[in-house]
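In the text below, chain A, chain B and the rest are named by the order of the sequence lines, each starting its count at 1.
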Number of protein chains: 2
Amino acid sequence: MSTPHYLSVRDEIARRLGALGIGAKLPSERELQAVSGAARGTVREALFQLETEGLIYRRDRSGWYVCPPPIVYDPTQWAGFMAYVADQGRTPSTETLSAERAPASPVVAQALGFEADGGRSVYALRRRRAVDGRAVLVEDIHVDPLIAPDLLTFSLNDSLTRILREAYGVSIVRTRVDMQPCALTSVEAAVLAAKPGAPGLLIVRTSFDALGRAVEYDREVWRHDAVRLQIDISRV
Amino acid sequence: MSTPHYLSVRDEIARRLGALGIGAKLPSERELQAVSGAARGTVREALFQLETEGLIYRRDRSGWYVCPPPIVYDPTQWAGFMAYVADQGRTPSTETLSAERAPASPVVAQALGFEADGGRSVYALRRRRAVDGRAVLVEDIHVDPLIAPDLLTFSLNDSLTRILREAYGVSIVRTRVDMQPCALTSVEAAVLAAKPGAPGLLIVRTSFDALGRAVEYDREVWRHDAVRLQIDISRV
DNA sequence: GAGTGGTCTAGACCACCTT
DNA sequence: AGGTGGTCTAGACCACTCA
């Protein structure tokens, strides 16, 4: 047995994924076990492998499902999530989980250029966004209340950038994007119906206006299999 | 037992990571098992968790080690790997694993704008790059021989972009970057002394010159914990 | 050669989802 | 209420690394 058993089980399962449709539920682990003749732990090893590859995902305590293709995402463009996803023939949705004015954490305060220990507060939004009904990301957005007073009176499921532009006359001219693989915390996992510790992709965006003010600090945690970043850069 | 045992083991191990230096080897799994009183599988569960979080990594069949901090990488800048890493106070190194002229695969041919079934060949380089002696990425670079004839006569551990500019007068003015979490194939894992299926980060760069020609197609597979992308975008 | 991590087995119990 | 995935145990053997 030169190649481990769990890899042949992986291949066997992978072969069937095409027959199952996108989003379809896989047979139970105990069924897969019966078919493959392996112990359940070995079957799970194979499933974890496919999860890392982005071919299947799980909904916590529910089961394993075939991954839909990833969304292609350009964090430097400002078309907005709803437009992007629709352009790719998918159905986006946004849900605002919370919206409040709260004290700025040190990280947020620094990102928005607040003075240390100023005790400033920020607008904090938490949104869950889904593609074709599957929750793919949770984001925390922080906005300086001095730049966008009364922000919370707007409909927050829309493009926030449009609100900033149309209601406050603030245009984004510079964006700093940070990206890093991560593990889902228990909070993030709960929001995404995933298991805590599942692999994710962290994208942090800080947006600046023409005056150089940090207007928006956006922290997005994606399911790692749900997104592919694509950026097009032209040098001057 | 509201929180799973493997998570308390994780916390216990995480607490000790500070005391161990960066790059230090963790105690063996059987030692950790003895300390925690858990079964070995549970200890491994905890270690996998820390691996996903990017706090520890393993060298295949050797053991678990404390992760150094990630390299901050801007794929849109052309400073080059060696310059980047050095700027961050780390020691970069590059090793050319192979350099040859070979038929272009369909993916490469399309990326470089070759006509379909043209039977064109390309220069293909495979390089391994390390930070402080730890292999962090393997890259496959493909260059159009019509644009850079005799490329293989140069010293290929250097910045390829500089060679293109200084020897061939080709400047990159546009870059398309694609990025996606992935799993290491057995080939990539072998090059990086990792386990096949370990989490990775795939970065694909296609670079164009002023004439709009695709000059270079670069496919980089990173250890997922070794890199943090950072991009700064200004809109005109 | 000793000890390591990698793989694998064959069970078990529980909390939770689904029906 | 039944079945699921999540967690956990207590072993075992092997290929490999390292001293």
Side-chain angles (χ1 to χ4, degrees), chain A residues 1-13 23-52 56-66 133-135 183-184 186 189-190 192-199, chain B residues 1-13 23-52 56-66 133-135 183-184 186 189-190 192-199:
Chain A
M1 202 187 341
S2 71
T3 106
H5 192 185
Y6 77 90
L7 283 183
S8 17
V9 176
R10 185 223 87 100
D11 292 343
E12 173 60 25
I13 298 175
K25 190 174 197 292
L26 271 67
S28 78
E29 294 178 358
R30 287 167 176 87
E31 280 181 64
L32 292 171
Q33 177 184 358
V35 171
S36 65
R40 192 168 147 228
T42 303
V43 171
R44 282 172 65 80
E45 195 82 15
L47 291 167
F48 295 154
Q49 179 71 32
L50 291 163
E51 181 187 38
T52 302
I56 64 177
Y57 71 100
R58 41 183 159 169
R59 293 214 310 255
D60 198 27
R61 287 173 206 289
S62 160
W64 298 88
Y65 299 81
V66 180
R134 175 192 178 215
L184 268 48
S186 56
L192 298 179
K195 202 183 78 99
Chain B
M1 199 189 339
S2 70
T3 106
H5 192 186
Y6 77 90
L7 283 183
S8 16
V9 176
R10 185 224 88 100
D11 293 342
E12 173 60 27
I13 299 175
K25 190 174 196 293
L26 272 66
S28 78
E29 295 178 359
R30 286 167 176 86
E31 281 181 65
L32 293 170
Q33 178 184 357
V35 172
S36 66
R40 192 169 149 228
T42 302
V43 171
R44 282 172 66 80
E45 195 81 14
L47 292 167
F48 295 154
Q49 178 71 33
L50 291 163
E51 180 187 40
T52 301
I56 64 176
Y57 71 99
R58 41 182 159 170
R59 294 215 309 254
D60 197 28
R61 285 172 206 288
S62 160
W64 298 88
Y65 299 81
V66 180
R134 175 193 177 214
L184 269 49
S186 55
L192 298 178
K195 200 184 79 97

Closest to side chain of [X], choosing from [options]:
{"X": "W64(A)", "options": "dT17(D), dC8(D), dG5(D)", "answer": "dG5(D)"}
{"X": "E29(B)", "options": "dG6(C), dG6(D), dA10(C)", "answer": "dG6(C)"}
{"X": "R58(B)", "options": "dT9(C), dA10(D), dG6(C)", "answer": "dG6(C)"}
{"X": "R61(A)", "options": "dC8(D), dT9(D), dC17(C)", "answer": "dC17(C)"}

Between P27(B) and A38(A), which is nearer to the 5' end of DNA chain C once each is assigned its nearest nucleotide?
->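 Per heavy-atom nearest nucleotide, the more 5' residue is P27(B).
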More 5' along DNA chain C: R59(A) or A39(A), using each one's nearest nucleotide?
->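 Nearest nucleotide further toward 5': that of A39(A).
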Phosphate oxygens OP1/OP2 of [N]: is one of them under 4.0 Å from a side-chain N or O of [X]?
{"X": "S28(A)", "N": "dG3(D)", "answer": "no"}
{"X": "S62(A)", "N": "dT4(D)", "answer": "no"}
{"X": "K25(B)", "N": "dT4(C)", "answer": "no"}

What is the nucleic acid contact for R44(A), judged by heavy atoms within less than 4.0 Å: base, sugar-phosphate only, or nothing?
->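 Here R44(A) touches the bases of the nucleic acid.
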At under 4.0 Å between heavy atoms, what does R40(B) touch on the DNA or RNA strands: base, sugar-phosphate, or nothing?
->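 Counting heavy atoms under 4.0 Å across all strands, the contact made by R40(B) includes a base.
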Decide yes or no on side-chain contact (heavy atoms from CB on, under 4.5 Å) for R134(B) and Y57(B), but give the supporting numbers first.
-> CA-CA 11 Å; R134(B) 175 193 177 214; Y57(B) 71 99; 3.4 Å; yes
From [atom1] of [X] over to [atom2] of [N], roughly how many Å is that when rounded to an integer?
{"X": "E51(A)", "N": "dG5(D)", "atom1": "CD", "atom2": "C1'", "value": "13 Å"}
{"X": "K195(A)", "N": "dA15(C)", "atom1": "NZ", "atom2": "P", "value": "17 Å"}
{"X": "Q33(A)", "N": "dG5(D)", "atom1": "CD", "atom2": "C1'", "value": "13 Å"}
{"X": "E31(A)", "N": "dT4(D)", "atom1": "CD", "atom2": "P", "value": "7 Å"}
{"X": "L26(A)", "N": "dT4(D)", "atom1": "CG", "atom2": "C1'", "value": "14 Å"}
{"X": "Q49(B)", "N": "dT7(D)", "atom1": "CD", "atom2": "C1'", "value": "13 Å"}
{"X": "H5(B)", "N": "dC14(C)", "atom1": "NE2", "atom2": "P", "value": "17 Å"}
{"X": "D60(A)", "N": "dC17(C)", "atom1": "CG", "atom2": "P", "value": "8 Å"}

Examine the side chains of E29(B) and W64(B) and answer whether a donor and an acceptor come within less than 3.5 Å of each other.
->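 Present: a donor and an acceptor within the cut-off.
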Does R30(B) get its side chain close enough to the base of dG5(C), under 3.5 Å, for a donor-acceptor pair?
->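 Such a pair exists between side chain and base.
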L26(B) vs L47(B) side-chain heavy atoms within contact, under 4.5 Å =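 SC-SC contact between L26(B) and L47(B) confirmed.
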